[in-house]
Novice: 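Next up is a structure, given as structure tokens.
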Amino acid sequence: MRKTAAKLLTAAALATSLVSVASGTAMADPSVVPATQDIVGVGSDTTQTVLNQFSTDYNAYLTGLGDTTSPRLYSFDATGSATITAKAGTTAFARPNGSGAGITALNQTSPSVLPIDFARSSRAPQTGDLTTDIFVGFAKDAVTWSAKSTGSNAPANLTTADLKNIYNGTYTTWNQITDIAGYAGPNVTIKPYLPQASSGTRSFFLKAIGVTTLGANVVTGPEENEGTDAALNDANVIFPYSVGHYVGQVYGGHSSGTDAAGVLSLRSINGVAPLTASNTINPTFANPTYGRTLYNVVRNAEWTATTTKGVALRNIFGTSGWICTNGAADIASYGFLTIGGCGSTTHI
């Protein structure tokens, strides 16, 4: 008889999931070429590590049930080799880097449909997205700015207005910042940096601070959430950073290679610290301005289908799916907050 994972919730499975972070090592790119029926995703740098852990734990969960036929979950990192082969028997294509690139890959129809089933996204639906895309929420994050831990000319705190003026080019030197009590910045040029153009963190941060036109001194380039980039080792650089990803790197033990905080530390906005005393995301900081829902984006036609793929997508990402019922330990370990509306959907 064919065994399936339609019923995901058992007490034993939940108990297993809560220790899975400690007992299982998250894969980066899949160690095998996924099969045609498997559920494969690309996209956001911010959520790649927690999706890797979900992949490891969900697939182990199915194996533990004795289920050998249900689609497995796989996720490719935002960076690595120039190309990836997403599924067996398909042609390699350029690796999508960032939420925007992942969503584009999900919807590519020319020159050919890519073998992608979901896109990791650290941003919400926005103008220009397809109405046929469904954003499925699974956790909460926040975004702040960062600077060198030691020797920086930046203050410990900036206001939203300060950040807006820095990134739109109104403020170009530290001594133009006059609204931070006890701070007298030097007459030295500020170096505002942003992640690459497809980054969901970049688009979220710029929207949060109200910038639509960048100043001439803004530099685009470093991979988001990588404080190891040599360009960021500068006393005058500031750089947006995922608070949750930072927590996972620094306090969750999930740094690896260039995916590490490096020389950077998180700074406050409007006098509110991004971290609590116990080094988790500060719920007060993760307010409607700087807090964000993290998503996995799927095609609506597949999400609602009664096909094997549709059932698998809902069994993984839906309100009663594995992530929302068994993924809390992984979400916390990688620095993010669980949400009451896990598995809820939205679209443009």
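Not measured: the values here are computed from a predicted model.
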Novice: Working note: R299 + D133, criterion salt bridge (Lys or Arg N to Asp or Glu O under 4.0 Å); need CA distance, chi angles, decisive distance, verdict.
Specialist: CA-CA 5 Å; R299 293 175 285 255; D133 282 345; over 6 Å; no

Novice: Would you say T228's side chain and T258's backbone share a donor-acceptor pair under 3.5 angstrom?
Specialist: yes

Novice: Please list, chain by chain and in numerical order, all residues satisfying side chain to side chain contact (heavy atoms under 4.5 Å, CB included) with V250, sequence neighbours excluded.
Specialist: Y246, A261

Novice: Do L163 and V211 share a hydrophobic cluster, counting only Ile, Leu, Val, Met, Phe, Trp and Tyr and linking them when any side-chain heavy atoms are less than 4.5 Å apart?
Specialist: yes

Novice: With under 30° as parallel and over 60° as perpendicular, where do the rings of W322 and Y58 fit, or are they tilted in between?
Specialist: perpendicular

Novice: Can you tell me which residue pairs pass the ring pair (Phe, Tyr, Trp, His ring centres under 6.0 Å) test with a partner in residues 85-114, sequence neighbours excluded?
Specialist: none

Novice: Report yes or no: does S121 contribute a side-chain atom to a donor-acceptor pair with the main-chain N or O of S99 at less than 3.5 Å?
Specialist: no

Novice: According to side-chain hydrogen bond (donor to acceptor under 3.5 Å, both in side chains), who are the partners of D229, at least two apart in sequence or on a separate chain?
Specialist: none

Novice: Is there a donor-acceptor pair under 3.5 Å between the side chain of T63 and the backbone N or O of N59?
Specialist: yes

Novice: For A35, enumerate each residue passing the side chain to side chain contact (heavy atoms under 4.5 Å, CB included) test, keeping only those at least two apart in sequence or located in another chain.
Specialist: Q37, D38

Novice: Mind checking side-chain hydrogen bond (donor to acceptor under 3.5 Å, both in side chains) for N287 and listing every partner two or more places apart, or none if nothing turns up?
Specialist: none

Novice: Looking at residues at least two apart in the chain, or sitting in another chain, which of them share a side-chain hydrogen bond (donor to acceptor under 3.5 Å, both in side chains) with N300?
Specialist: none

Novice: Main chain of N270, side chain of N157: is a donor-acceptor contact present, judged purely on distance under 3.5 Å?
Specialist: yes

Novice: Who are the side-chain hydrogen bond (donor to acceptor under 3.5 Å, both in side chains) partners of T280, not counting sequence neighbours?
Specialist: T276

Novice: Take R95 and T83, measure what side chain to side chain donor-acceptor pair (under 3.5 Å) needs, and give me the verdict at the end.
Specialist: CA-CA 5 Å; R95 180 187 296 268; T83 62; over 6 Å; no

Novice: Check whether any side-chain N or O of Y241 sits under 3.5 Å from a backbone N or O of N225 as a donor-acceptor pair, and report yes or no.
Specialist: yes

Novice: Which residues satisfy the side chain to side chain contact (heavy atoms under 4.5 Å, CB included) test with I177, sequence neighbours excluded?
Specialist: L158, D162, I166, Y171, W174, D179, I180, Y183, I190

Novice: Only pairs at least two apart or in different chains count here, so list each disulfide bond (SG atoms under 2.5 Å apart) that has a residue in residues 316-348.
Specialist: C324-C342

Novice: Do you know the tightest heavy-atom contact between V42 and I116?
Specialist: CG1-CD1, 3.8 Å

Novice: Check whether Q108 reaches the backbone of V113 with its side chain - one donor and one acceptor, N or O, closer than 3.5 Å.
Specialist: no

Novice: Go through the structure and list residues passing side chain to side chain contact (heavy atoms under 4.5 Å, CB included) with A119, not counting sequence neighbours.
Specialist: I103, L106, V297

Novice: With sequence neighbours left out, write down each residue that passes ring pair (Phe, Tyr, Trp, His ring centres under 6.0 Å) with F336, or none if nothing qualifies.
Specialist: none

Novice: Between R120 and S75, does the side chain to side chain donor-acceptor pair (under 3.5 Å) criterion hold? Intermediate values first, please.
Specialist: CA-CA 9 Å; R120 305 184 303 269; S75 184; 2.6 Å; yes

Novice: Determine which pairs satisfy side chain to side chain donor-acceptor pair (under 3.5 Å) with at least one residue from residues 199-211, sequence neighbours left out, and list them in order.
Specialist: T46-T201, S199-E224, T201-E224, T201-R292, R202-T220

